[in-house]
Number of protein chains: 2
Amino acid sequence: MARRTAYHHGDLRKALVDTGLSMLEELGLEDLSLRKIAARVGVSHAAPEHHFPSLRHLLNALAVEGFGSFRQSMQSQMQAAPARPADQLRAALRGYLAFATAHPHLFRLMFNRNRLDWEDPVLGKAGEAARQVLKDICRPVADRLAIDTPEGRVSIEHLVWSQVHGYAHLMIDGKIEVDSACEATNSVPVPDLVDFLLPDEAG
Amino acid sequence: MARRTAYHHGDLRKALVDTGLSMLEELGLEDLSLRKIAARVGVSHAAPEHHFPSLRHLLNALAVEGFGSFRQSMQSQMQAAPARPADQLRAALRGYLAFATAHPHLFRLMFNRNRLDWEDPVLGKAGEAARQVLKDICRPVADRLAIDTPEGRVSIEHLVWSQVHGYAHLMIDGKIEVDSACEATNSVPVPDLVDFLLPDEAG
DNA sequence: GCTCCATCTTGTCACCGCCAAGATGAGGGT
DNA sequence: ACCCTCATCTTGGCGGTGACAAGATGGAGC
């Protein structure tokens, strides 16, 4: 099935997504085009149409792929961190920022309201799964702060989410300079909101 | 000079910027085009070129205009608020979010790294002026927290900025639902980071 | 009144996403 | 073994885009 003939590409759909992901980071969303991706894959300009009826569908597939890596980035940081709420929260934030700085164009695409079709349930699930990681990590924080109402928990989640999210955007948009020490250690700075939320666990 | 003849438009540059701003919110950045703007203004498709050598130059002009309104939005909220640091900070954040929700497409454009030319000093100054408002409002906060090092002040500024900025993005990207009570009072929710930064001034 | 040149128009190019129509060949049924 | 179906891919073309070139227009200064 995956054999390549002169006419039939082995797995064009996967090739388009993979090539699309690398060309996205290479060219940026503005200069990415279906025809360029098709050309690099080695098929005609209309070949992608059967797999992705429109560019929007391909971008959706890229975003779904992105949310998977995004979730993994947070979880791998959390697994390498101590179990204390503050450490787990810091680790998740580190994963959030690490993904954004590693794939800035993909990160922006994943939160783009105009270019993506958010009615697509596949994209919705992927985004929700990533969001769930943050939600879970915020619950112990709310417990520590003696917040036990649903609205209170949502409020904490929004507070934490908006802070990393804004930090990520300001970093990849060049508004906040990355600490040179972080670059040297190949690390990523973590916003110090945690210090205010959980001051007794500082460290 | 501002008289309109059959051939010479009175003030085409201003007309392009004004029409561009309204069409930006109307169509979104993706569907905005020089030719559409020119058509609505009533000139030929190549007329804008003399005033804006490329689309990028026009977008820069829109962003500069946007940063002016942005700054005004924050300052007008601050002038209507008590002089206490917490109230002033809350007011600035309210102005920040009010602008973002009122002009979501323009707001996104103003922080777009790819479509704007950030080497343009005019755009740089405009952005810096808006940023200065937040910087000024964060200084009393740092003083209250007994933070007196330059790095500490920058850290507080980044913390506050990233939180509103992320909140603004999540709102206009449809990730955070706006409280219906806020819509009823034609108001805008303010993130409760202030409660953690200045707990003794709550209210 | 005349000239100069900023301003605007017309025409064209390559590229884009999308659509239509046709070529190809893998896989299943007989 | 044969054919037939149809998913897959190609070629060709459409309107729209930003950028560029060359020419038309007319206001402003002499």
Non-neighbouring partners of [X] that pass side-chain contact (heavy atoms from CB on, under 4.5 Å), sequence neighbours left out:
X        : result
B:Arg35  : B:Ser33, B:His45
A:Val154 : A:His158
A:Val64  : A:Val122, A:Leu123, A:Ala126

Does C:dT7 have OP1 or OP2 under 4.0 Å away from a side-chain N or O of B:His50?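 For C:dT7, OP1 or OP2 has a side-chain N or O of B:His50 closer than 4.0 Å.
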
Is any side-chain N or O of B:His51 closer than 4.0 Å to OP1 or OP2 of C:dC8?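 Answer yes for this pair, as a side-chain N or O of B:His51 is under 4.0 Å from OP1 or OP2.
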
How large an angle, rounded to 10°, do the end axes of the helix from C:dG1-D:dC30 to C:dT30-D:dA1 enclose when each is built from five base pairs? 10°

Check the side chains of A:His57 and A:Ser54 for a donor-acceptor pair under 3.5 angstrom, ignoring hydrogens and angles.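 Yes, side-chain donor-acceptor contact under 3.5 Å.
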
Annotated protein contacts, base or backbone, on nucleotides 14-22 of chain D with a non-hydrogen cut-off under 4.0 Å, one of B, S, - each: ---BBBB--

Please report, rounded to the nearest Å, how far the [atom2] atom of [N] is from the [atom1] atom of [X].
X       : N      : atom1 : atom2 : result
A:Ile37 : C:dC15 : CD1   : C1'   : 15 Å
B:Glu30 : C:dG17 : CD    : P     : 13 Å
B:Leu12 : C:dA6  : CG    : C1'   : 12 Å

Residues forming a side chain to side chain donor-acceptor pair (under 3.5 Å) with [X], sequence neighbours excluded:
X        : result
A:Asp143 : none
A:Asp120 : A:Asn60
A:Gln132 : A:Asp136
A:Arg13  : none

